[in-house]
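Worth saying up front: this structure is predicted, and the values here are computed from it rather than measured.
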Amino acid sequence: MKKILPILFGASLLATSGFAQMTKAAKAKLEAEIIRLDKLAWQAWKDRNAEWFKTHTTEEFLSISSEGVSTKADVIKATPTECDVKNFALANFKFVVLDQNTVILSYTATQDATCSGKKVSPKIRAAVTYVKRAGKWIEAFYIETPMAE
């Protein structure tokens with residue numbers, strides 16, 4: 001037993017350090033993919049495409065904004081009718097790899113949109129958590145806050 005513990009400890013260090021050693025190129029490729037997916041989410045919102053959210057969010061998905069907390073079902077229900085988005089732009093990306101199945105993307109967004117007849121904040125800071133499930137990156141958590149003018 002005394003001999004096996006150091007072997008198991010060493011093996012676990014190697015296994016966990018393998019992902020920590022992600023190459024810069026691999027991280028850059030993953031970051032580009034997550035940014036692409038998030039831009040598609042915004043485009044789906046603009047296009048009122050609820051189908052996109054059905055396949056690109058987890059069942060446990062939560063979205064938090066100044067309007068409150070929304071679930072996946074809330075987002076799917078609201079997408080076709082509640083918002084009129086004229087345009088949006090995303091910038092200032094920051095990307096963090098938590099582990100091989102979890103990443104966080106933060107950024108600023110400018111938008112020209114109204115939801116439920118109310119003008120939304122023209123500039124926000126957002127953070128999104130993506131998880132890898134069945135080999136596919138999907139959105140698990142989204143939070144935004146208005147930025148001061």
Side-chain angles (χ1 to χ4, degrees), residues 9 11-149:
F9 180 72
S12 70
L13 281 177
L14 285 175
T16 57
S17 68
F19 191 72
Q21 298 299 323
M22 176 183 264
T23 66
K24 285 183 182 181
K27 184 178 178 188
K29 183 177 177 183
L30 178 56
E31 180 178 1
E33 174 61 10
I34 297 301
I35 290 170
R36 183 187 74 80
L37 286 171
D38 217 68
K39 287 179 178 179
L40 288 174
W42 277 76
Q43 190 64 47
W45 177 56
K46 181 180 184 226
D47 295 343
R48 301 178 181 206
N49 179 2
E51 287 299 313
W52 194 93
F53 296 99
K54 287 180 183 178
T55 59
H56 290 87
T57 57
T58 65
E59 291 305 313
E60 313 83 12
F61 174 80
L62 286 178
S63 174
I64 300 175
S65 70
S66 60
E67 303 302 311
V69 179
S70 303
T71 65
K72 177 178 185 163
D74 296 331
V75 171
I76 291 168
K77 181 180 176 188
T79 297
T81 60
E82 286 192 13
C83 297
D84 178 34
V85 183
K86 291 183 177 33
N87 60 57
F88 67 88
L90 310 181
N92 305 313
F93 296 102
K94 305 290 184 233
F95 183 69
V96 177
V97 176
L98 296 179
D99 64 33
Q100 64 188 13
N101 295 310
T102 313
V103 299
I104 298 173
L105 179 67
S106 70
Y107 51 87
T108 57
T110 54
Q111 57 190 349
D112 181 6
T114 56
C115 292
S116 301
K118 251 177 70 175
K119 184 91 170 145
V120 299
S121 179
K123 192 166 185 179
I124 62 163
R125 186 170 310 280
V128 189
T129 302
Y130 279 85
V131 295
K132 193 172 191 179
R133 299 231 174 120
K136 180 179 168 186
W137 288 101
I138 56 178
E139 201 170 325
F141 183 74
Y142 174 86
I143 188 168
E144 69 177 47
T145 188
M147 292 177 66
E149 295 294 319

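For residues 24-99, the disulfide bond (SG atoms under 2.5 Å apart) pairs, not counting sequence neighbours, are Cys83-Cys115. Residues in residues 102-115 take part in these salt bridge (charged side-chain N to carboxylate O under 4.0 Å, His left out) pairs, two or more places apart or across chains: Asp112-Lys119. Under the salt bridge (charged side-chain N to carboxylate O under 4.0 Å, His left out) criterion, the residue pairs touching residues 29-38 are Glu33-Arg36, with sequence neighbours excluded. For residues 28-62, the set of pairs meeting the disulfide bond (SG atoms under 2.5 Å apart) definition, not counting sequence neighbours, is empty. Residue pairs meeting the ring-ring contact (aromatic ring centres under 6.0 Å, His included) criterion with at least one member in residues 60-88, sequence neighbours excluded, are Trp42-Phe88.
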Evaluate side chain to side chain contact (heavy atoms under 4.5 Å, CB included) for Gln43 paired with Trp52, printing each intermediate quantity in order.
CA-CA 10 Å; Gln43 190 64 47; Trp52 194 93; over 6 Å; no
Evaluate the side chain to side chain contact (heavy atoms under 4.5 Å, CB included) criterion for residues Val131 and Ile138: first the C-alpha distance (whole Å), next the side-chain angles of each, then the deciding distance (0.1 Å), finally the verdict.
CA-CA 6 Å; Val131 295; Ile138 56 178; 4.2 Å; yes
Go through the steps for Asp84 and Arg48 under the test side chain to side chain contact (heavy atoms under 4.5 Å, CB included), then give the verdict.
CA-CA 8 Å; Asp84 178 34; Arg48 301 178 181 206; 3.5 Å; yes
Could you walk me through whether Leu30 and Val103 pass the side chain to side chain contact (heavy atoms under 4.5 Å, CB included) check?
CA-CA 9 Å; Leu30 178 56; Val103 299; 4.0 Å; yes
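Among all heavy-atom pairs drawn from Lys39 and Leu90, the shortest one is CG-CD1, 3.7 Å. The shortest heavy-atom contact between Thr108 and Arg125 is CG2-NH1, 3.5 Å.
Legend: residues meeting side-chain hydrogen bond (donor to acceptor under 3.5 Å, both in side chains) with Lys132, ordered by chain and number and at least two apart, are absent.
Formation of a donor-acceptor pair under 3.5 Å by the Ser116 side chain with backbone atoms of Lys118 is not found in this model.
Side-chain atoms of Lys54 and Glu51, non-hydrogen and from C-beta on, do get closer than 4.5 Å to each other.
One distance of note links NZ of Lys136 with NE2 of His56; it measures 4.5 Å at 0.5 Å rounding.
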